[in-house]
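Positions are given from 1, in the same order as the sequence printed here.
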Amino acid sequence: LSGDVVAPGCTPLFARRYADPMKGTLEKRIQVFAFLVLTVAIVVNTGFNIVGFRHDYRDGIILRAQEMAGGLKSATENVLVLGVPLEEMEGLGGRCQGVVANDPESAYAFIEDEQGLPLYSSDPSFRFSDQLKFVSSFSKSVTVLRSPDWGEVYDVSLPVYTASGEVAGRVRVGFLDSVLEERTTRAFRRSLVILSVAFLTVFAVVVYFVRRDLLTPIRRLRQVAREIAAGDFRVTVPSMQTAEFAELAKALQEMAASLEERDQKIQRGYQELEEANQQLQGSNAQQGRISAELGRSREMYR
């Protein structure tokens, strides 16, 4: 009935050895499938979260740098309106130092003249390297530069105008890309720990429910099928909470009842055949006796 042909003489141990690999394979396949699905989902989610975190954090630093550069620009232009040349202003170096001190993620803040020479800087010894290269333009006021000493630098540059509208110099504030890398690495490690705990929890829950709601009912129904195959048609099929397994259990119960009824009919037929055989044997014996008597009568007649 189950489609498995067991030759005479096969022991139940052979049947168990035949069935156990299938059970183990099903359980392992489900676990591997759940593991792969959870891993892919976590990796993709982590990747999107890290990329989004990096972009948001970068935009936040750029916005702060623009605000600080805008404050330096306004202060410088207010003094320029009074007719004080850019080269003769006082206190701008301290303000540049205050910008970097208030925002440690900023690498520098300085004011340069029209030719690009630094006049006021957060670090008096600050000089841009001659090997500075342009990488890309992030926006109208933000460019990405590459320095042999610092690596990639996000540079915010705002022009400073005189009262007549001429460009007197530039205010520049920048931060290093390594700051983003460090923050992103920290966020990645933190997310990795949290997601690892979530992964193990979800995987354990999946394995628990798979064993409880899938493998355990299969094992019970398999045991019932083995009992039916062994000739025990009065088996008790356990109740199943899952609709599909409940239908299968009902089908097994009906099959066992049908086999029991068929077995009873076969036994009744066998008994009837045995009785007929006994009657036939008795009839043959009686015919033998009659033949013997006829023979004796014939001899007496002769």
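The pair Glu299-Arg302 counts as a salt bridge, with a side-chain nitrogen and a carboxylate oxygen less than 4.0 angstrom apart. Ionic pairing of Glu293 and Arg289 is not present here: no N-O contact between side-chain nitrogen and carboxylate oxygen is shorter than 4.0 angstrom. The pair Arg170-Glu114 does not meet the salt-bridge criterion, since no charged nitrogen lies less than 4.0 angstrom from a carboxylate oxygen. Here Arg268 does not pair with Glu272 in a salt bridge; the nearest charged N to carboxylate O distance is not below 4.0 Å.
Under the 3.5 Å distance criterion, the side-chain polar atoms of Lys73 are left unmatched by any main-chain donor or acceptor of Val171. Checked by atom type and distance alone, the side chain of Thr162 never pairs as donor or acceptor with a backbone atom of Ala168 at under 3.5 Å. Put simply, the side chain of Ser258 never gets that close to the backbone of Glu254: no donor and acceptor are under 3.5 Å apart. In terms of modelled atom types and a separation under 3.5 Å, the side chain of Asn284 and the main chain of Leu280 share a donor-acceptor contact. Side-chain N or O atoms of Ser283 include none that pairs as donor or acceptor with a backbone N or O of Gln279 at under 3.5 Å. Asn45 contributes no side-chain N or O that, together with a main-chain N or O of Ala41, makes up a donor-acceptor pair within less than 3.5 Å.
The shortest side-chain heavy-atom distance between Asn49 and Phe53 does not fall under the 4.5 Å cut-off. Residues Leu72 and Val99 form a side-chain contact, since some pair of their non-hydrogen atoms from C-beta on lies under 4.5 Å apart. The shortest side-chain heavy-atom distance between Val167 and Val160 does not fall under the 4.5 Å cut-off. Under the 4.5 Å side-chain criterion, counting only non-hydrogen atoms from C-beta, Ile61 is in contact with Leu180. In this structure, the side chains of Gln31 and Phe35 stay at 4.5 Å or more apart for every pair of heavy atoms. In this structure the side chain of Leu80 never reaches within 4.5 angstrom of the side chain of Tyr161, judged on heavy atoms. At least one side-chain heavy atom of Tyr57 sits less than 4.5 Å from a side-chain heavy atom of Glu105. Counting heavy atoms from C-beta outward, Glu112 and Tyr120 have side chains that stay 4.5 Å or more apart.
Arg54 and Tyr154 get closest at one heavy-atom pair: NH2-OH, 4.3 Å. Shown here for Leu38 and Val202, the closest heavy-atom pair between the two residues is CD2-CG1, 3.6 Å. Nearest heavy atom pair, residue Ser121 against residue Gln97, reads O-CG, 4.1 Å. Listed here is the closest heavy atom pair of Val100 and Tyr108: CG2-C, 3.9 Å.
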**OP:** Might you work through the side chain to side chain contact (heavy atoms under 4.5 Å, CB included) test for Arg212 and Tyr208, ending with a clear yes or no?
**Re:** CA-CA 6 Å; Arg212 191 193 70 173; Tyr208 169 74; 3.7 Å; yes
**OP:** Determine, step by step, whether Arg58 and His55 satisfy the side chain to side chain contact (heavy atoms under 4.5 Å, CB included) criterion, reporting the C-alpha distance in whole Å, the side-chain angles of both residues, the deciding distance to 0.1 Å, and the verdict.
**Re:** CA-CA 5 Å; Arg58 178 198 61 193; His55 289 174; 4.0 Å; yes
**OP:** Tell me, with the steps shown, if Asp103 and Ser106 meet side-chain hydrogen bond (donor to acceptor under 3.5 Å, both in side chains).
**Re:** CA-CA 6 Å; Asp103 189 1; Ser106 299; 3.3 Å; yes
**OP:** Could you give me the CA-CA distance, side-chain angles and deciding distance for Arg146 and Val153, then say whether side chain to side chain contact (heavy atoms under 4.5 Å, CB included) is met?
**Re:** CA-CA 6 Å; Arg146 182 178 297 278; Val153 180; over 6 Å; no
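By the rule that hydrophobic residues join a cluster once side-chain heavy atoms approach within less than 4.5 Å of another member, Phe203 and Val32 end up as members of one cluster.
If you run side chain to side chain contact (heavy atoms under 4.5 Å, CB included) between Thr143 and each of Val135, Asp155, Val156, only Asp155 comes through.
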